[in-house]
*Asks:* 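Structure in structure tokens, see below.
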Amino acid sequence: MGENKDGQIRKVVSISKEPETNMTENTRSLRNFFLYKCLFALTFWNHVSLSVENELFTSVSHNFPEDGSGKKIKSLPLLYTNSYQSKANFGWVVVENTTESLLLSEITNDNVEKLVALLSNFRQGSRLQNLTLTNVSVDWNALIEIFQTVWHSSIEYFNINNVTQLSDIESYDFDYSGTFMKALTMKKILITDMYFSQEDLYKIFADMNIAALTIAESQMIHMLCPSSDSSFRYLNFLKNDLTDLLFQSCDRLIQLETLILRKNKFESLSKVSFMTSRMKSLKYLDMSSNLLRHDGADVQCQWSESLIELDLSSNQLTELVFECLPVNIKKLDLQNNQISSVAKGMAELKSLKELNLASNRLADLPGCSSFTSLELLNAEMNMILTPSADFFQSCPRVRELQAGHNPFKCTCELQAFIHLERQSGGRLFGWPSAYECEYPEGLRGTQLKDFHLTELACNTALLLVTALLLTLVLVAVVVFLCIYLDVPWYVRMTWQWTQTKRRAWHNHPEEQETVLQFHAFISYSERDSLWVKNELIPNLEKGEGCVQLCQHERNFIPGKSIVENIIDCIEKSYKSIFVLSPNFVQSEWCHYELYFAHHKLFSENSNSLILILLEPLPAYIIPARYHKLKALMAKRTYLEWPKERSKRALFWANLRAAISIDLPMAGGQRCGETV
């Protein structure tokens, strides 16, 4: 006997074994009475309320139904593995015992008779309510005897784990009368008999007159319908091999409120619905982690009208599941299925308050046209790139939306959803940590609260108006510059020059190397022709020297275009003389000649232009299109025609010097210029 920190006394009972051959019936009765008194008297001050509950019996949201006394049915506690253990002489291990709970381990055929004798003492009036047996390996008859003894004891909650049934299963007339039993939990039951009548086994459990039955992790393939109206209010067949054949056409489970069939092998949702149709009190159904499908195709479904909570998570259901749902459902779990959309008008679930669509294939948030009472929606871990921004407008009763952990595409379309969060008043669950950009690559991992785009970037109308205005301004500027700089004229001249060169190359490809025939080409206005004919030509072509000038009146070839003649003369001349005056800048053809000569200047990198200022030419009277002339006059030295006759001899000398070159003459002679 030892004392713990709280001063409580813990007693491990180990009872010696006496020779049974010398024990009379009176002595045996006295011994049993002594055993009973010792077991509880020594532990009277050691009443321990264990807090670890069997997960197969209870869940957070579903307690066992209340019995007639108003006390909630509770599961047998699971004792800690490090509990104080003692090996009694009976062969089993007493793991823990209190005035209300007893846990024994290592039950075999060798000690089952003594166990039955011990349990037989716990009759009406005993305080023992919870019994747990683990690691049980006995024959069928011994197992049934244990059950029958427990059924007629004070025990209310019986938990039996890790059972190996050794011998053949036989029919047995189980006596259910006079019991205090409320809940039975069986976990990990192994039946070694491969050939037996299912009715012999399942009938015993199907007709039990208790409120709660759990058979889990036992590879159970079937369960019979009770032979009379059943008192079951809670059935849990977790992790077995049950199929769509379970409880078909069964109308005996009229008090059943909770049915858990998680992790089995159900395939047809419509058959499951018909299974529940006769369960008039059913409120909660767990069909998660099965193989459920619903293909539609006019398949009828008929659910229990009392069903208000349904778990269909982790199945193979598509959006057609909404055609086969209980009309009065309030809480629906469709997590981890293959639902890609929720079509409007597909289902009228006016009582639905909680809907879980997490881990599906949704591309957008569903509306609430069919779920007018919806208060909570979970759409996490789907394929939603840009959620609808009008969700809370279409779902005014929703107080919480869970839409995080989706691959959000951070573009302009998402801006409206981000604004929605600010208007939701905290109804967006998990904000901001669960809401991050997935696309584009450069924004991956950025929280939506940190993603911002300007109004101009996201307002299409404003963007179009701005782009249009900028385009108009740009066009106006280009048009103005084109007009001011005479760009169309230059384009046209470039085109004509290109076409002339191309025709010349095609017509005379062998004469591509141009031979100089003239000293200079003269460009002047017709209004200045008198000065050219009376002064320029006589002084250059006559007298000492033999300067050859190209003048359009005498050297242009008839039949050719004016542009071709101009280009031809310029290319065959060593220099180009431009007689500048106010008349010159008013002449269109003078402009052509200046352009082509200037083009030759840059293309051949030569110094071929000679400017003669016949009359003063202020910059303000030079048109804008003569910007090249302005540039030439600013950078190049030009000759001014002197009004005084005494200075003209020097003018002609400088001009001759500027065009001094030997040109081949007719007959093979050369013409040398003398200054």
*Asks:* Mind running side-chain contact (heavy atoms from CB on, under 4.5 Å) on W531 and I612 for me, showing each step along the way?
*Replies:* CA-CA 12 Å; W531 181 85; I612 297 177; 4.2 Å; yes
*Asks:* Answer yes or no: are there more than 12 heavy-atom neighbours, outside R427 itself, under 6.0 Å from its atom CZ?
*Replies:* yes
*Asks:* Taking distance alone, no hydrogens or angles, what donor-acceptor pairs closer than 3.5 Å link side-chain atoms of residues 461-478 to residues at least two apart or in another chain?
*Replies:*
residue, atom, partner, partner atom, Å
T466, OG1, L462, O, 2.8
T471, OG1, A467, O, 2.7

*Asks:* For a 4.5 angstrom cut-off between non-hydrogen side-chain atoms, does L401 reach L365?
*Replies:*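 Contact flag for L401/L365 side chains = yes.
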*Asks:* How long is the gap from OH on Y439 to CZ on R444, to the nearest 0.5 Å?
*Replies:* 6.5 Å
*Asks:* Which heavy atom in E319 sits nearest to a heavy atom in Q338, and how many Å separate them?
*Replies:* OE1-O, 4.0 Å
*Asks:* Compare all side-chain heavy atoms of F518 with those of K575 and state whether any distance is below 4.5 angstrom.
*Replies:* no
*Asks:* Hey, what do you get for CD (Q447) to CH2 (W431), rounding to the nearest 0.5 Å?
*Replies:* 8.5 Å
*Asks:* Would you say the side chain of L650 lies within less than 4.5 Å of the side chain of P642, judging by non-hydrogen atoms?
*Replies:*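 No, their side chains stay 4.5 Å or more apart.
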*Asks:* Ignoring hydrogens, what is the shortest heavy-atom contact between C569 and F521? Give both atom names and the distance.
*Replies:*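 Smallest heavy-atom distance, with atoms named: CB-CD1, 3.6 Å.
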*Asks:* Working note: I522 + I537, criterion side-chain contact (heavy atoms from CB on, under 4.5 Å); need CA distance, chi angles, decisive distance, verdict.
*Replies:* CA-CA 9 Å; I522 306 173; I537 294 177; 4.2 Å; yes
*Asks:* Are any of the side-chain heavy atoms of L310 and W303 separated by less than 4.5 Å?
*Replies:*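 SC-SC contact between L310 and W303 confirmed.
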*Asks:* Does the plane of the ring in F651 sit parallel, tilted or perpendicular to the ring in W641? Use 30° and 60° as the thresholds.
*Replies:*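 Taking W641 first and then F651, their aromatic rings stand perpendicular (interplane angle over 60°).
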*Asks:* Could you check whether atom CZ of R645 has more than 12 heavy atoms from other residues, nucleotides or ligands sitting under 6.0 Å from it?
*Replies:*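 Check fails, neighbour count at 12 or below.
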*Asks:* Whether the side chain of H519 engages the backbone of Q548 through a donor-acceptor N/O pair (distance < 3.5 Å, no angle test) should be reported.
*Replies:* yes
*Asks:* First locate atom CD1 of I577, then atom OG of S523, and finally report the distance between them rounded to the nearest 0.5 Å.
*Replies:* 10.5 Å
*Asks:* Output, in order, the C-alpha distance, side-chain angles, deciding distance and verdict of side-chain contact (heavy atoms from CB on, under 4.5 Å) for V398 and F392.
*Replies:* CA-CA 7 Å; V398 171; F392 286 115; 4.1 Å; yes
*Asks:* Quick one: CG on L613 to CG on L639, what's the gap to the nearest 0.5 Å?
*Replies:* 9.5 Å
*Asks:* Which heavy atom in S373 sits nearest to a heavy atom in R397, and how many Å separate them?
*Replies:*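 Residues S373 and R397, closest heavy atoms: OG-NH1, 3.6 Å.
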*Asks:* Taking K409 first and then E438, would you say they form a salt bridge - that is, a charged N and a carboxylate O separated by under 4.0 Å?
*Replies:*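 Answer for the salt bridge query: no.
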*Asks:* Atom CD in Q402, atom CG in L428: separation rounded to 0.5 Å?
*Replies:* 9.5 Å
*Asks:* Give a yes or no on whether R648 atom CZ has more than 12 heavy-atom contacts from other residues, nucleotides or ligands under 6.0 Å away.
*Replies:*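 More than 12 heavy atoms, drawn from other residues, nucleotides or ligands, come within 6.0 Å of this atom.
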*Asks:* Going from NE2 on H294 to OG on S270, what distance comes out if it is rounded to the nearest 0.5 angstrom?
*Replies:* 6.5 Å
*Asks:* Checking side-chain hydrogen bond (donor to acceptor under 3.5 Å, both in side chains) against Q335, which of D311, N360, N356 comes through?
*Replies:*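 Only one option passes, and that is N356.
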*Asks:* Could you tell me whether a side-chain N or O of N315 sits under 3.5 Å from a main-chain N or O of M287, the two making a donor and an acceptor?
*Replies:*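 Yes: the side chain of N315 pairs with the backbone of M287.
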*Asks:* Can Q300 and Q302 be counted as having a side-chain donor-acceptor contact under 3.5 angstrom?
*Replies:*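 No.
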*Asks:* If we ignore angles and hydrogens, is there a donor and acceptor under 3.5 Å between the side chains of E413 and T411?
*Replies:*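 Yes - a donor-acceptor pair under 3.5 Å links their side chains.
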*Asks:* Would you say the side-chain atoms of S359 and N336 include a donor-acceptor pair closer than 3.5 Å?
*Replies:*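 No, no side-chain donor-acceptor contact under 3.5 Å.
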*Asks:* Check whether any side-chain heavy atom of I339 lies under 4.5 Å from a side-chain heavy atom of L362, and answer yes or no.
*Replies:*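 Of all side-chain heavy-atom pairs linking L362 with I339, at least one is under 4.5 Å.
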*Asks:* Tell me yes or no: between the side chains of Y524 and Q551, is some donor less than 3.5 Å from an acceptor?
*Replies:* yes
*Asks:* Output, in order, the C-alpha distance, side-chain angles, deciding distance and verdict of side-chain contact (heavy atoms from CB on, under 4.5 Å) for L355 and L349.
*Replies:* CA-CA 11 Å; L355 176 59; L349 305 178; over 6 Å; no
*Asks:* Kindly give the heavy-atom pair with the smallest separation between G367 and C395, and that separation in Å.
*Replies:* C-SG, 4.0 Å
*Asks:* Quick one: does L307's side chain get under 4.5 Å of N328's, heavy atoms only?
*Replies:*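 The answer is no; the side chains never approach within 4.5 Å.
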*Asks:* Donor-acceptor pair, N290 side chain versus L292 backbone, under 3.5 Å?
*Replies:* no
*Asks:* How far apart are the closest heavy atoms of N382 and P407, and which atoms are they?
*Replies:*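 For N382 and P407, the tightest heavy-atom pair comes out as O-CD, 3.4 Å.
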*Asks:* Of the options T386, L448, T446, which is the one that meets C410 in a side chain to side chain contact (heavy atoms under 4.5 Å, CB included)?
*Replies:* L448
*Asks:* Any side-chain heavy-atom pair from K449 and I418 closer than 4.5 angstrom?
*Replies:*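 The answer is no, as the side chains (C-beta and beyond) never meet within the 4.5 Å cut-off.
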*Asks:* Locate the shortest heavy-atom distance separating A403 from F408; write the atom from each residue and the value.
*Replies:*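 For A403 versus F408, the nearest heavy atoms are O-CZ, 3.2 Å.
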*Asks:* Does some side-chain heavy atom of V272 sit less than 4.5 Å from a side-chain heavy atom of L312?
*Replies:* no
